2 protein chains.
Amino acid sequence: MKTPEELTELFRSTGRKVTAQRQCIFRVLHGDVTHPSAEAVHAVASREMETISLKTVYQTLHDLAELGEIVSLDVGTGMTRFDPNVDDPHHHLVCRECGRVRDLVAVFPELQIPKGAELGFQVGSAEIVFRGLCPECQPATRTGRVPARAGK
Amino acid sequence: MKTPEELTELFRSTGRKVTAQRQCIFRVLHGDVTHPSAEAVHAVASREMETISLKTVYQTLHDLAELGEIVSLDVGTGMTRFDPNVDDPHHHLVCRECGRVRDLVAVFPELQIPKGAELGFQVGSAEIVFRGLCPECQPATRTGRVPARAGK
DNA sequence: GAAGTTATCTACAACGCTTGTTGAAAAACA
DNA sequence: TGTTTTTCAACAAGCGTTGTAGATAACTTC
Ligand SMILES: [Mn+2]
Ligand SMILES: [Mn+2]
Ligand SMILES: [Zn+2]
Ligand SMILES: [Zn+2]
């Protein structure tokens, strides 16, 4: 996604108003690699603006998604996750234990569907979700660390 | 998944009671290839037993999942989908328009993660979701059919 | 078979995440 | 600055799903 300054420009040029709340959300998302949920974005933004509402966060996330600056993901963790990385094509690693999501920047060009197996579907895209255990959730024997459940 | 008769046996042998409602759900699921939601199962079961409750359907689906006879899927259609096909490893085609889910019975053995790209994740499984348009939702020029939004 | 024990059933309410609605406040335009 | 238009925050409601309760039915022991 673009920088907070560029997003300010983009919002204005697409007829959207620029508010302190929105700019705060731009800053929170910029450089975030954790694929935060709306609540996670709200939690961080609240540290800067105590009164910002969750609804405003959802609204702005949807605007950004509409503009193609972020993408919303459903990886089965119960909440929609938002991904500011829209430039490199990539897939995702999801922790079964704590729900952490990380990018897997690898292309699998050989993902060809065998002829006839599409059953008439017109296939447009393929998403791969790798499930497993993140470093923090692996048994201590392997990392020496203690697993910690991530709060929301 | 097993036949309704075998499931009856399995339920009894694992200390679960067998009721008419559960056997009705066994029959509904047997041979179903649509990856129904709990509500869809309930709708079909209700045709046979008008009073069966949605809660009972959820309960039985969870029992079957616990026994490994079905698997629950989250493919981003808003509802958990249940898959009685647990024997062939396969992936899924999901219609962006109506939410239909179909099996794609193809193995992709070359799904190797580049060294170092796992970022310390201990990867256990990979699911591929192919998104596109099912035959019923494609423009008429391609199939001659009229797209229809599927009810839930 | 009948009684007693245990699990299940239905109806209802509540949950977590997300979205609709409202009047008040703020941004854009001139 | 004044006018118009959009957004904000608070509240409530929507959705799919799960918890709770007493009534009911299935399994066990006689
Ligand atoms: Mn990503
Ligand atoms: Mn399937
Ligand atoms: Zn983890
Ligand atoms: Zn379709």
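Below, chains carry the letters A, B, ... as their sequence lines are ordered, and counting in each starts from 1. Predicted, not measured: the structure shown is a model, and the values here were computed from it. For the numbers below, each heavy atom of this structure counts, side chains included, while hydrogens, waters and symmetry mates do not.
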Practice task
Heavy atoms under 4.0 Å is the rule here; annotate nucleotides 24-30 of chain C 5' to 3' with B where the base is hit, S where only the sugar-phosphate is, and - elsewhere.
Solution key: ---BS--
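The existence of a salt bridge linking A:Arg16 and A:Glu66 is confirmed by a sub-4.0 Å separation between a basic side-chain nitrogen and an acidic carboxylate oxygen. Salt bridge annotation for A:Arg22-A:Asp63: present, with a cationic side-chain nitrogen under 4.0 angstrom from a carboxylate oxygen.
Remark: B:Gln59 pairs with B:Lys55 by the side-chain contact (heavy atoms from CB on, under 4.5 Å) rule, at least two apart or across chains. The ring pair (Phe, Tyr, Trp, His ring centres under 6.0 Å) check on B:Phe11 picks up B:Phe26, with sequence neighbours excluded. Scored by the side-chain hydrogen bond (donor to acceptor under 3.5 Å, both in side chains) test, B:Glu127 finds A:Arg131 as partners (sequence neighbours excluded).
Side-chain contact between B:His90 and B:Leu104: absent, with no pair of heavy atoms (C-beta onward) separated by less than 4.5 Å. Between B:Met49 and B:Gln21, some side-chain heavy-atom pair lies under the 4.5 Å cut-off. No side-chain heavy atom of A:Arg12 sits less than 4.5 Å from a side-chain heavy atom of A:Lys17.
In this structure, CZ on B:Phe121 lies 5.5 Å from SG on A:Cys95, to the nearest 0.5 angstrom.
Taking atom CG of A:Leu54 as the reference point, atom P of D:dA12 lies 16 Å away to the nearest angstrom. Following rounding to the nearest Å, B:Met79 (CE) and D:dG14 (P) show an atom-to-atom distance of 18 Å. Summarising the geometry, the separation between CZ on A:Phe26 and C1' on D:dT7 is reported as 13 Å, rounded to the nearest angstrom. Atom P of nucleotide D:dG16 and atom CG of B:Leu61 are separated by 15 Å, given to the nearest angstrom.
In this structure, the helix from C:dG1-D:dC30 to C:dA30-D:dT1 shows an angle of 30° between the axis at its start and the axis at its end, each fitted on 5 base pairs and rounded to 10°.
At the phosphate of C:dT18, OP1 or OP2 sits under 4.0 Å from a side-chain N or O atom of A:Thr80. At D:dT17, none of the side-chain N or O atoms of B:His62 fall inside 4.0 Å of OP1 or OP2 (strictly under the cut-off).
The aromatic ring centres of B:Phe108 and B:His91 sit less than 6.0 Å apart.
Side chains of B:His35 and B:Asn85: a donor-acceptor N/O pair is absent below 3.5 angstrom, by distance only.
Contacts of A:His42 with the nucleic acid, taken as non-hydrogen atoms under 4.0 Å apart, are absent.
Ranking C:dT18, C:dC9, D:dT17 by closeness to the A:Tyr58 side chain, first place goes to C:dT18.
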For nucleotides 9-11 of chain D, give me every protein contact, N/O to N/O, under 3.5 Å, one pair per line with atom names.
unit_1 : atom_1 : unit_2  : atom_2 : d
D:dA9  : OP1    : A:Gln21 : NE2    : 2.9
D:dA9  : OP2    : A:Ser53 : N      : 3.3
D:dA9  : OP2    : A:Thr56 : OG1    : 2.7

